[in-house]
Colleague: 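What follows is a single structure, and I will ask about it in a moment.
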Amino acid sequence: MEDRRSIIVSLILLLAMALGMFGDLLFAGGTRVLGHPGSDMFLQYFAWREFGFRELAKGNLPLWNPHIFSGAPYFGGMQGALLYPPNWLFLVLPTPVAINWSVALHVFVTGAFMFFWMKQRGLSAPASFFAGTLVMFCGAFFSHVFAGHLPQLSAMTWSPLILCSIDAVFRTQRARWSLLGMFAIAMQTLAGFPQYVFYTGIIAGLYATLRLIGHWNWRIAAALLSTYPAGVLLAAAQLLPAIQTTRETTRGFRLPFQFASMLSLPPENFVTLLSPDLFGHIARYWGRWYLWETSLFIGVAGLVFAIYAIIRCERGTKWRPVIVIFVAFLLALGANTPLFGFLYTWVPGFDRFRSISKFSFLASLFLCMLAASGLNRLFREKRIEIPFIAAVFAGAVALGVAGWWIASTGSWPGLMNASRASGQSYLFPQLYADTEFIAQSQHLAAMSLFVAAGVCALLGIILASARREPRALFGVIALGAAEMLVFAHGARATFDSTTIVNRDEKRFLEEHPGDYRIMNVANPNSAMSIGAQDMWGYEATVVRRYAEFMTWSQGGNPDQAMSYVKFVRYDPLFAMLRLGYVLGQRGNQLEIGDAHVSPSACFQLSRPGRSQRNLRRVAIDDI
């Protein structure tokens, strides 16, 4: 009964933190939606969900999307996730409300699944709660709220439950626990982002193999081997159309190496384990790639206890997680190591995705497991070693010195320019020459280290107090939770969903009915919301033949066709696509070019040389 009570209390607290983080949006109603203006929520997922579930509510299963790319697959593209049960909220709630509730519930459920995984490993409820809190708000997970990544968040949620099922099978020696894994795999597949299914499968397979070492059992091995095939079969209604669709899209063939290697984890971003804002706040990130793909923050308290577990916990507790963390981070580094080239060439699947840095989320799960194991040891032993306390205070001093050095160094502009010179930064190039922005970035980096030093010092004080009063260890959990909540609040952003559709555009199209297509340069997916038909779009599942044609029309190599095309000229063949108007945005003013009257003027509106991806980048970093 005591254990059951502690489980209930822990889950209530996890739910309270999730509701506290999003309560203003969940209960106040309105049209505000989670995600940064100009993020994927704005450019893709809002319209994607609104269109799909609007059709489903009418009794139509939308296999085809007529509104973008002159027609493109919808159901087979997976990201609509029509068969994913939690998404059925969109059938009964307005789209903005459903999005906010979906994000909040997935954040909570992620923490709950992590909690139950730790319980399966025999950890106490306080230590398991600590792990759940760290995962809910860690950089590799929660930062995707800022980017508006609905299917990514949904898919990540099920990874802890898959790993939980593996440990449950070994703990109970009952193969029926593999049914839980099958269910979790099916749900992760239906969630709409297959990359996380692939990466989670690799790490889960490695973890299960390591668990079998020294505990071989044919019955258990057979149960584990059947988990993924059975889970995938449960999701076959979604997966089989997706496989068929993908064969016809730009992702159905080997991606160019340069594209597949994008968004590899930069080695310098390991510092975000301690200092999440060293390379700038997420809205003004000046480091390489995107911060939501490269942030590793699990809190100072979380990292300290993970290191403590590696040093002090029993070998049987730590050696498997340490190996998994090493492999996951090695894979996340991607093109920064020679391993990625080998995997790209020889291992199926690694040539079909980009952003291999997503392995860092799986590494974060095992880091949080170690952090909970270290804290659990202190609760169990009720004895805190003086060298450990001394090391924590030494870490606080080191972080303070590092913050002072950054605040006073004159080489900071050179460090920032090194990031710009890599060609992997999406910040405005002119900001790297802006002395005010450089000074603000240097100050933010120094303050981030000073905050880390302060948290480390507070942790040392709590540990010293716990030598006399063991219950003071609960202060570690409170400190870790506060640290993660502050981080998550800074990474939370919202926008008004009514701004996705330009009212002037909608009014113009209503006043000019006809059988034609448009090209909305800044936000082509808004055509899905207003019922228009756009010649282009913003989504990865572009029919390859269409992408080849559009690439060729702009003077590019069709063999390298992707979903990003720089529109720099008008091709007479666009008449075949019934292009009627090109819409551009200059400040707050909508500009409309008539393709029938002046094709050259149309493409002057489209701002030659700026791809759809670059437009998105500008929108994000312009705030």
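The analysis underlying the following values was restricted to heavy atoms, covering all of them including side chains, and did not include hydrogens, waters or symmetry mates.
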Colleague: At their closest point, which heavy atom of Ile406 faces which heavy atom of Ala445, and how far apart are they?
Modeller: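 Taking Ile406 first and Ala445 second, the nearest heavy atoms are CG2-CB, 4.0 Å.
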
Colleague: May I ask you to check whether over 12 heavy atoms, not counting those of Ile386, lie within 6.0 Å of atom CD1?
Modeller: no

Colleague: After noting the C-alpha distance and the side-chain angles of Asn376 and Ser124, does the key distance pass the side chain to side chain donor-acceptor pair (under 3.5 Å) rule?
Modeller: CA-CA 6 Å; Asn376 189 72; Ser124 65; 3.0 Å; yes

Colleague: Which distance, rounded to the nearest 0.5 Å, do you find between the OG1 of Thr409 and the CH2 of Trp404?
Modeller: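 Nearest 0.5 Å value for the OG1-CH2 distance: 9.5 Å.
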
Colleague: Taking the side chain as every heavy atom from C-beta outward, state whether Leu291 and Ser143 have any pair of such atoms under 4.5 Å apart.
Modeller: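 No, too far: nothing below the 4.5 Å cut-off.
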
Colleague: Distance from Glu469 atom CD to Lys382 atom NZ, nearest 0.5 Å?
Modeller: 10.5 Å

Colleague: So how far is it from Leu25 CG to Asn100 CG, rounded to the nearest 0.5 Å?
Modeller: 4.5 Å

Colleague: Return yes if some donor-acceptor pair links the side-chain N/O of Ser6 with the main-chain N/O of Ala125 below 3.5 Å, else return no.
Modeller: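 Between the backbone of Ala125 and the side chain of Ser6 there is no qualifying donor-acceptor contact (under 3.5 Å).
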
Colleague: Compare all side-chain heavy atoms of Ile166 with those of Phe170 and state whether any distance is below 4.5 angstrom.
Modeller: yes

Colleague: Hey, is the main chain of Ala332 close enough, under 3.5 Å, to the side chain of Ser357 for a donor-acceptor pair?
Modeller: no

Colleague: With a 4.0 Å cut-off, would you call Arg377 and Glu385 a salt bridge?
Modeller: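 Glu385 and Arg377: salt-bridged.
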
Colleague: Decide whether Tyr285 and Asp277 meet the rule of one side-chain donor and one side-chain acceptor closer than 3.5 Å.
Modeller: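 Side-chain D/A pair, Tyr285 to Asp277: absent.
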
Colleague: How far apart are the closest heavy atoms of Ile162 and Ser165, and which atoms are they?
Modeller: O-OG, 2.6 Å

Colleague: Any donor and acceptor pair, going by atom type alone, linking the side chain of Thr317 with main-chain N or O of Cys313 inside 3.5 Å?
Modeller: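 No.
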
Colleague: Is a side-chain N or O of Ser295 found less than 3.5 angstrom from the main chain of Trp292, in a donor-acceptor match?
Modeller: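 No; zero donor-acceptor contacts below 3.5 Å.
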
Colleague: Relative to each other, are the rings of Phe359 and Tyr199 parallel, tilted or perpendicular (30° and 60° limits)?
Modeller: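 Phe359 vs Tyr199 ring planes: parallel.
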
Colleague: Is the backbone N or O of Ser102 less than 3.5 Å from a side-chain atom of His106, with the two atoms forming a donor-acceptor pair by type?
Modeller: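 A pair under 3.5 Å: yes.
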
Colleague: Taking C-beta and beyond as the side chain, do Pro266 and Asn269 meet within less than 4.5 Å on heavy atoms?
Modeller: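 Answer yes - side chains close enough.
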
Colleague: If we only count heavy atoms from C-beta on, is the Ile356 to Leu265 side-chain gap below 4.5 Å?
Modeller: no

Colleague: Using the rule given for side chain to side chain contact (heavy atoms under 4.5 Å, CB included), can you reason through Arg121 versus Phe116, listing the C-alpha separation, both sets of side-chain angles and the distance that settles it, and then say yes or no?
Modeller: CA-CA 9 Å; Arg121 292 182 58 83; Phe116 284 118; over 6 Å; no

Colleague: Answer with yes or no after comparing the ring centroid distance for Phe350 and Phe340 against a 6.0 Å cut-off, counting only values under it.
Modeller: no

Colleague: Enter the distance from Leu378:CG to Leu463:CG here, rounded to the nearest 0.5 Å.
Modeller: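 So the gap between those two atoms works out to 7.0 Å.
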
Colleague: Quick check against the 3.5 Å criterion: does Asn217 have a side-chain atom that pairs as donor or acceptor with the backbone of Gln173?
Modeller: no

Colleague: Can Arg32 and Asp24 be counted as an ion pair, charged N to O under 4.0 angstrom?
Modeller: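 The answer is no: the pair does not qualify as a salt bridge.
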
Colleague: How far apart are the C-alpha atoms of Met17 and Phe137, what are their side-chain angles, what is the distance that settles it, and do they pass the side chain to side chain contact (heavy atoms under 4.5 Å, CB included) test?
Modeller: CA-CA 10 Å; Met17 286 195 295; Phe137 303 114; 4.2 Å; yes

Colleague: Taking the inter-plane angle between the rings of Phe388 and Tyr308 on a 0 to 90° scale, is it parallel (under 30°), tilted (30 to 60°) or perpendicular (over 60°)?
Modeller: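 Phe388 and Tyr308: tilted rings.
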
Colleague: Does the pair Glu314/Arg380 count as a salt bridge with the N-to-O cut at 4.0 Å?
Modeller: yes

Colleague: Locate the shortest heavy-atom distance separating Arg492 from Phe22; write the atom from each residue and the value.
Modeller: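 Shortest heavy-atom separation between Arg492 and Phe22 comes out as NH1-CA, 3.8 Å.
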
Colleague: Say you draw a straight line from CG of Leu415 to OG of Ser419; how long is it, rounded to the nearest 0.5 Å?
Modeller: 10.0 Å

Colleague: Less than 4.0 angstrom from a charged side-chain N to a carboxylate O is my criterion; do Glu381 and Arg383 meet it?
Modeller: no

Colleague: Any luck finding a side-chain donor-acceptor pair between Thr200 and Ser159 under 3.5 Å?
Modeller: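 Yes, side-chain donor-acceptor contact under 3.5 Å.
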
Colleague: Ignoring hydrogens, what is the shortest heavy-atom contact between Ser128 and Met118? Give both atom names and the distance.
Modeller: OG-CB, 3.2 Å

Colleague: Give a yes or no answer on whether the side chain of Glu483 reaches the backbone of Val300 with a donor-acceptor pair at less than 3.5 Å.
Modeller: yes

Colleague: Kindly say whether the aromatic ring centers of Trp158 and Tyr196 come within a distance under 6.0 Å.
Modeller: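 No, the ring centres sit 6.0 Å or more apart.
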
Colleague: Under the ring-ring contact (aromatic ring centres under 6.0 Å, His included) rule, what do Phe474 and Phe379 come out as? Steps first, then yes or no, please.
Modeller: CA-CA 9 Å; Phe474 285 98; Phe379 274 115; 5.1 Å; yes

Colleague: First locate atom CD1 of Ile384, then atom CZ of Arg468, and finally report the distance between them rounded to the nearest 0.5 Å.
Modeller: 10.5 Å

Colleague: Heavy-atom count check: over 12 atoms from other residues, nucleotides or ligands less than 6.0 Å from Arg320 CZ?
Modeller: yes

Colleague: Are any side-chain N or O atoms of Glu293 and backbone N or O atoms of His144, one a donor and one an acceptor, separated by less than 3.5 Å?
Modeller: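 Flag not set: sc Glu293 to bb His144 has no pair under 3.5 Å.
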
Colleague: For a 4.5 angstrom cut-off between non-hydrogen side-chain atoms, does Leu449 reach Leu278?
Modeller: yes

Colleague: May I ask you to decide if the ring planes of Phe27 and Trp101 are parallel, tilted or perpendicular, using 30° and 60° as cut-offs?
Modeller: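 Rings of Phe27 and Trp101: perpendicular, as their planes differ by over 60°.
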
Colleague: Do Trp412 and Ser441 have side chains that approach each other closer than 4.5 Å (heavy atoms only, starting at C-beta)?
Modeller: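 A side-chain contact exists here, since the closest heavy-atom pair is under 4.5 Å.
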
Colleague: For Phe270, does the CZ atom have more than 12 heavy-atom neighbours from other residues, nucleotides or ligands under 6.0 Å away?
Modeller: yes

Colleague: Between Phe142 and Ala491, which heavy-atom pair has the shortest distance, and what is it?
Modeller: CD2-CB, 4.3 Å

Colleague: Could you walk me through whether Arg5 and Ile8 pass the side chain to side chain contact (heavy atoms under 4.5 Å, CB included) check?
Modeller: CA-CA 5 Å; Arg5 189 179 298 113; Ile8 294 173; 5.9 Å; no

Colleague: Ser261 and Tyr344: side chain to side chain donor-acceptor pair (under 3.5 Å), yes or no, with the steps?
Modeller: CA-CA 9 Å; Ser261 63; Tyr344 173 84; over 6 Å; no

Colleague: Does a side-chain heavy-atom distance below 4.5 Å link Arg420 with Trp286?
Modeller: no

Colleague: Ring centroid separation for Trp117 and Phe366, is it under 6.0 angstrom?
Modeller: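 Between Phe366 and Trp117, which both carry aromatic rings, the centre distance is below 6.0 Å.
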
Colleague: Would you name the heavy atoms of Ala372 and Ala131 that are closest together and state the gap between them?
Modeller: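 Shortest heavy-atom separation between Ala372 and Ala131 comes out as CB-CB, 3.6 Å.
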
Colleague: Between the main-chain N or O of Val169 and the side-chain N or O of Arg174, is there a donor-acceptor pair closer than 3.5 Å?
Modeller: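 Between the backbone of Val169 and the side chain of Arg174 there is no qualifying donor-acceptor contact (under 3.5 Å).
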
Colleague: Checking side chain to side chain contact (heavy atoms under 4.5 Å, CB included) for the pair Leu303/Phe297: CA distance, chi angles, key distance, verdict?
Modeller: CA-CA 9 Å; Leu303 183 61; Phe297 188 66; over 6 Å; no

Colleague: Hey, does Leu365 have a side-chain heavy atom less than 4.5 Å from the side chain of Pro160?
Modeller: yes

Colleague: Surrounding CH2 of Trp319 (heavy atoms of other residues, nucleotides or ligands, distance under 6.0 Å), is the total greater than 12?
Modeller: yes

Colleague: Counting only N and O atoms by type, is there a donor-acceptor contact under 3.5 Å from the side chain of Arg288 to the main-chain atoms of Gln424?
Modeller: no

Colleague: For Thr110 and Thr157, does a side-chain donor sit closer than 3.5 Å to a side-chain acceptor?
Modeller: yes

Colleague: Apply ring-ring contact (aromatic ring centres under 6.0 Å, His included) to residues Phe115 and Phe129 and explain how you reach the verdict.
Modeller: CA-CA 6 Å; Phe115 175 86; Phe129 172 80; 7.6 Å; no

